[in-house]
Peer 1: 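Can you keep this structure in mind? I'll have questions shortly.
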Protein chains: 2
Amino acid sequence: MKSATPEKSLSAQIADAIRTAIVDGRLLVGDRLPSEAELSDQHGVSRATVREALKRLAAQSLIRTERGAFGGAFVNHLSYDAARAQQVTTSTLLLGMNAISFQVACEARYALERSCTALAAERRTDALLDRMRTEIDTQSTPDLSDEAFCASDVGFHRALVDCAGNEVLSYHLAGSVEAMQPLMNMITFTARSRAEIIDLHRAIVAGLEIRDVASVDRALATLEAYTITLGQSVLKARATR
Amino acid sequence: MKSATPEKSLSAQIADAIRTAIVDGRLLVGDRLPSEAELSDQHGVSRATVREALKRLAAQSLIRTERGAFGGAFVNHLSYDAARAQQVTTSTLLLGMNAISFQVACEARYALERSCTALAAERRTDALLDRMRTEIDTQSTPDLSDEAFCASDVGFHRALVDCAGNEVLSYHLAGSVEAMQPLMNMITFTARSRAEIIDLHRAIVAGLEIRDVASVDRALATLEAYTITLGQSVLKARATR
DNA sequence: GGCATTTAATTGTCTGACAATTATTTTGGC
DNA sequence: GCCAAAATAATTGTCAGACAATTAAATGCC
């Protein structure tokens with residue numbers, strides 16, 4: 001559409017050109033880019049400018065660089081883990097910068113998470129149910145720190161979304177849910193509330209075991225409502241202090 | 001934990017240091033970083049190295065740079081649009097590189113999209129319903145190109161997730177769905193299939209209008225099944241060719 | 001006060017150089 | 001011939017210094 005590039009820097013333009021080549025498939029995973037010297041010649045810019053462009057691409061994990069003879073810049077294979085890590089970084093920052101209310105975040109999180117229940121009930125495996133039970137055991141440990149409790153909570157929900165047996169769905173959900181964890185962690189969990197949450201986790205596992213979608217959905221809805229209640233009481237406690 | 005940084009380049013180390021400062025809140029949105037010359041001095045490296053570090057951060061939209069007196073690098077406000085664009089880039093690349101089957105992608109897409117139906121039925125506004133109807137009109141245009149049809153399809157589904165009235169949910173869903181569009185576009189839509197899809201879009205709008213979650217869910221499920229059928233017939237046609 | 005000009009600060013780019021790294025090649029010893 | 005060590009060449013990482021381009025602020029003129 002728009003041909004007038006609004007004065008982007010040369011390094012940004014070159015980065016865009018290479019990025020487009022990768023996304024369009026003209027550069028395949030594992031391909032080696034021309035050396036910095038060659039790229040300088042091709043684009044008619046200095047090596048410093050080319051290097052800035054390459055650093056931009058490296059920051060997006062699109063390429064990696066290796067030193068030495070026959071080294072250079074190579075198109076990266078983007079793994080699910082690397083992609084999720086980036087998604088979490090971006091989303092976490094976004095949520096942190098935009099003054100999201102706890103309620104809105106919580107609502108979004110559980111809405112997303114519920115999208116896997118039907119598939120999860122259908123396809124759950126014993127191995128994944130065991131992973132969930134192990135996390136529940138961890139969460140039941142007395143004197144567990146809040147961080148450890150939350151980490152185990154993330155692990156539990158990761159296992160839940162993995163039950164859907166759809167790697168694409170797992171990637172999106174795990175990333176989304178993980179990114180919202182910092183907001184969820186506004187809550188400090190009392191022993192009482194931990195027990196409540198663990199009970200609901202047990203209900204989720206039980207529901208998956210007998211492949212009863214409705215009971216899993218109910219447990220998640222209850223968990224959402226309970227989490228929002230906890231969040232509100234925290235806010236209230238802060239307000240009156 | 002691990003203190004031994006495995007020989008990262010100086011520009012990467014400096015980028016990490018600044019990134020951490022931003023994420024931890026020591027640098028706030030709008031803050032101006034020291035000038036490149038000052039950063040060079042502080043870190044004891046050349047200006048070129050500092051610049052490469054800054055380009056890495058700029059690639060993640062963490063900072064922007066302005067030229068001129070009192071210009072410099074500023075901590076960016078990460079907008080929903082910018083964050084979604086990045087998420088789409090990462091996810092699109094991930095899906096393109098990992099040989100995802102059409103069926104898996106389709107299943108994930110509609111599972112995610114269904115997560116907004118309950119909230120959407122409750123909160124849909126007339127303005128958003130109108131936006132959806134406008135897209136349906138566009139899709140009904142005779143001689144519409146495949147690209148235009150798909151673009152309008154994305155617009156329709158964006159409006160649908162916006163109906164949930166939860167910006168965080170919209171961000172995650174819109175990004176996820178948009179990232180899967182290239183896979184969806186494996187299908188070339190015949191006039192017959194377009195009519196079918198448009199009918200289902202109409203059913204979705206009608207369901208939202210009367211706030212009937214079940215009918216919206218049914219329409220989406222039908223749309224998913226129909227899309228998978230279309231995908232399979234495309235694959236079959238390719239196989240026998 | 002308002003407008004044009006100058007100034008200073010800062011990023012964008014270029015050039016040339018050297019250091020560090022690493023696969024390949026050559027050499028030397030046996 | 002074969003193996004190890006050394007030299008080689010290609011390439012990225014870093015540095016220093018320079019100049020161009022841009023832009024806000026200060027200055028001067030009316």
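A note on names: the letters A, B, ... follow the listed sequences, proteins ahead of strands, and every chain is numbered from 1.
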Peer 1: Atom CD of Glu52(A) and atom P of dT13(C): how far apart are they, to the nearest Å?
Peer 2: 7 Å

Peer 1: Using a cut-off of strictly less than 4.0 Å, decide whether Arg32(B) has a side-chain nitrogen or oxygen near OP1 or OP2 of dT10(C).
Peer 2: yes

Peer 1: How many whole angstroms separate atom CZ of Arg64(A) from atom C1' of dT11(D)?
Peer 2: 15 Å

Peer 1: Is the shortest side-chain N to carboxylate O distance from Arg131(B) to Glu135(B) below 4.0 Å?
Peer 2: no

Peer 1: Of the options Asp146(B), Asp143(B), Asp153(B), which is the one that meets Arg194(B) in a salt bridge (charged side-chain N to carboxylate O under 4.0 Å, His left out)?
Peer 2: Asp146(B)

Peer 1: Does any donor-acceptor pair link the side chain of Arg47(A) with the base of dG16(C) at a separation under 3.5 Å?
Peer 2: no

Peer 1: Taking the side chain of Ser46(B) as its heavy atoms from C-beta onward, which of dT11(C), dA16(D), dG13(D) lies nearest to it?
Peer 2: dA16(D)

Peer 1: Answer yes or no: does a side-chain N or O of Arg51(A) lie under 4.0 Å from OP1 or OP2 of dT12(D)?
Peer 2: no

Peer 1: Can you tell which of dT23(D), dT10(C), dT12(D) lies closest to the side chain of Ser35(B)?
Peer 2: dT10(C)

Peer 1: Any side-chain N or O of Thr65(B) under 4.0 Å from OP1/OP2 of dG12(C)?
Peer 2: yes

Peer 1: May I have the distance from Glu66(A) (atom CD) to dA20(C) (atom C1'), rounded to whole angstrom?
Peer 2: 15 Å

Peer 1: Please state whether the rings of His201(B) and Phe156(B) are parallel, tilted or perpendicular, taking 30° and 60° as the class boundaries.
Peer 2: parallel

Peer 1: Using atom CZ of Phe74(A) as one end and atom C1' of dA23(C) as the other, report the distance to the nearest whole Å.
Peer 2: 11 Å

Peer 1: Quick one: Arg67(B) CZ to dT11(C) P, roughly how many Å, whole number?
Peer 2: 10 Å

Peer 1: Under 3.5 Å, is there a donor on one side chain and an acceptor on the other for Ser11(A) and Arg56(A)?
Peer 2: yes

Peer 1: Are Lys55(B) and dG12(C) close enough that a side-chain N or O sits under 4.0 Å from OP1 or OP2?
Peer 2: yes

Peer 1: Both Gly72(B) and Phe70(A) contact DNA chain C. Which one's nearest nucleotide lies toward the 5' end?
Peer 2: Gly72(B)

Peer 1: From the options dT13(C), dT23(D), dG12(C), select the nucleotide whose nearest atom is closest to the side chain of Leu10(A).
Peer 2: dT13(C)

Peer 1: Is the shortest side-chain N to carboxylate O distance from Glu224(B) to Arg109(B) below 4.0 Å?
Peer 2: no

Peer 1: Hey, does the side chain of Thr49(B) come within less than 4.0 Å of dC15(D)'s phosphate (OP1/OP2), counting only N and O?
Peer 2: yes

Peer 1: Write down the distance between CG (Leu39(B)) and C1' (dT14(D)), rounded to a whole number of angstrom.
Peer 2: 17 Å

Peer 1: For Ile63(A) and dT12(D), what is the distance between atoms CD1 and C1' respectively, to the nearest whole Å?
Peer 2: 12 Å

Peer 1: Could you tell me the separation between the NE2 atom of His43(A) and the P atom of dT13(C), rounded to a whole number of Å?
Peer 2: 13 Å

